[in-house]
Amino acid sequence: MTGESIAGVRIPDSALAREATELVREAASPLLFDHSRRVFLFGALRGREQGLDFDPELLYVGAMFHDLGLTERFRRTDQRFEIDGADEARRFLNAHGVTGEPADRVWTGIALHTTPEIPLHMAPEVALITRGVELDVLGIGYHAVSGEQREAVVAAHPRPDFKNRILAAFTEGVKDRPETTFGNVKADVLAHYVPGFRRGDFVEVVKDSDWPE
């Protein structure tokens, strides 16, 4: 599936990109695999529309690894799922000779992909991982790409009952670490789907700290 062009976007065909594709295909469900490919494609289309100069290979790895923390193979219970994927992406890149700032850029893009606004003011690859996620999951920027482009992307990577299925995947991936959702959007997911979940309250944390006043 590598090397082709979808909606006018060329899928990176390097050895690194091919190995990233196979790793995610093996570790993730078809739901998450197709979602991750759409994140790359939509991110690249948004980058083209905005005239951004980005590294397609780094964007591809960031998009493909961004939800690995939801998979049984890579998820932990002691940190946010975004960090699981970010850590694995950096290890993968380092093992392929991509180190330092480029690897850190991918790590940051994955770690911040559920944080509104901030990634959009950072390096293009960081911003475009978020742009791709926002378009595919939230519909933000839906009309910034053409109907023909959306149709081509979805034809290559279908999204049957995607809204319900991705919310179920989010729930499964974070329900065993509810404390890691404090202050982020995944608390909304658990509030909807996990009986008895009580989200953390920032005001209570401030008032209950060890400081006397």
Side-chain angles (χ1 to χ4, degrees), residues 1-14 16-71 82 85 89 106 109-110 112-117 119-120 123-173 185-186 188-189 192:
M1 294 192 61
T2 54
E4 77 268 37
S5 179
I6 300 171
V9 175
R10 185 79 175 171
I11 303 295
D13 195 27
S14 63
L16 183 150
R18 291 194 298 271
E19 288 186 36
T21 300
E22 291 310 309
L23 185 152
V24 178
R25 195 197 305 277
E26 291 173 5
S29 65
L31 168 78
L32 292 178
F33 179 83
D34 284 327
H35 165 56
S36 298
R37 293 269 288 201
R38 291 195 305 270
V39 166
F40 167 73
L41 292 163
F42 286 139
L45 288 169
R46 292 302 315 273
R48 182 181 300 172
E49 171 246 335
Q50 295 179 326
L52 297 181
D53 182 17
F54 60 92
D55 184 319
E57 191 174 59
L58 293 182
L59 177 61
Y60 187 74
V61 172
M64 293 305 292
F65 280 59
H66 85 279
D67 270 349
L68 275 189
L70 298 175
T71 68
E82 300 95 329
V106 174
I110 297 173
L112 293 181
H113 81 265
T114 60
T115 301
E117 292 194 58
L120 306 183
E125 296 82 5
V126 176
L128 295 178
I129 293 171
T130 289
R131 291 283 190 199
V133 170
E134 288 183 341
L135 200 163
D136 200 45
V137 177
L138 302 171
I140 297 172
Y142 184 82
H143 295 290
V145 300
S146 71
E148 292 79 8
Q149 290 169 327
R150 289 195 305 271
E151 289 170 7
V153 171
V154 174
H157 295 288
R159 34 177 296 147
D161 195 27
F162 178 71
K163 293 179 181 180
N164 290 318
R165 292 172 68 216
I166 196 64
L167 287 169
F170 291 154
T171 304
E172 181 64 25
V185 296
K186 291 302 181 284
D188 295 339
V189 174
H192 276 268

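Note that the numbering runs from 1 along the sequence shown for the chain. Keep in mind that this is a model prediction, so the values were computed, not measured.
Separating the CD atom in E22 from the CD atom in E19 is a distance of 9.5 Å, to the nearest 0.5 Å. Here S146 contributes atom OG and E49 contributes atom CD; the two are 11.0 Å apart, rounded to the nearest 0.5 Å. In this structure, the separation between CG on L31 and CD1 on I166 is 4.5 Å, given to the nearest 0.5 Å. Between atom CG of residue L70 and atom OG of residue S29 there is a gap of 9.0 Å, rounded to the nearest 0.5 Å. Here the NZ-CG distance, from K163 to L138, works out to 10.0 Å after rounding to the nearest 0.5 Å. Taking OG1 from T114 and CG from L112, the interatomic distance works out to 8.0 Å, rounded to the nearest 0.5 Å.
In this structure, I11 and L41 have side chains that are in contact, with non-hydrogen atoms separated by less than 4.5 Å. With a 4.5 Å cut-off on side-chain heavy atoms, V153 and L45 count as touching. Side-chain contact between R37 and T21 is present, with at least one heavy-atom pair separated by less than 4.5 Å. Contact of the D136 side chain with the R159 side chain is registered, since non-hydrogen atoms from C-beta on lie closer than 4.5 Å. In this structure the side chain of L167 never reaches within 4.5 angstrom of the side chain of H192, judged on heavy atoms. A 4.5 Å side-chain heavy-atom check between V39 and L135 finds every atom pair outside the cut-off. M64 has its side chain out of reach of L23: every pair of non-hydrogen atoms, C-beta onward, lies at least 4.5 Å apart.
The closest donor-acceptor contact from the side chain of E125 to the backbone of D55 lies under 3.5 Å. Judged purely by atom type and a 3.5 angstrom limit, R48 uses its side chain to pair as donor or acceptor with the backbone of G8. With hydrogens and angles disregarded, no donor-acceptor distance shorter than 3.5 Å links the side chain of R38 to the backbone of V154. When atom types are taken as modelled, the side chain of R165 and the backbone of P160 share a donor-acceptor pair closer than 3.5 angstrom. A donor-acceptor pair under 3.5 Å is absent between the side-chain atoms of R46 and the main chain of A144, judged by distance alone. Of the possible donor and acceptor atoms, none in the side chain of R131 sits under 3.5 Å from a partner among the backbone N and O of G43.
Taking all atoms of both residues into account, the shortest heavy-atom contact from S36 to A63 is CB-O, 3.4 Å. Closest non-hydrogen pair, L32 versus A169, comes out as CD2-CB, 4.4 Å. Across all their heavy atoms, I110 and A89 have their closest contact at CD1-CB, 3.5 Å.
Ring orientation note: the planes of H35 and H66 are nearly perpendicular, at an angle over 60° on the 30°/60° scale.
When each of F65, Y60, F33 is paired with F40, the ring-ring contact (aromatic ring centres under 6.0 Å, His included) condition holds for Y60 and for no other.
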Starting from the C-alpha separation in whole Å, work towards a yes-or-no answer on side-chain contact (heavy atoms from CB on, under 4.5 Å) for H113 and D67. CA-CA 10 Å; H113 81 265; D67 270 349; 3.7 Å; yes
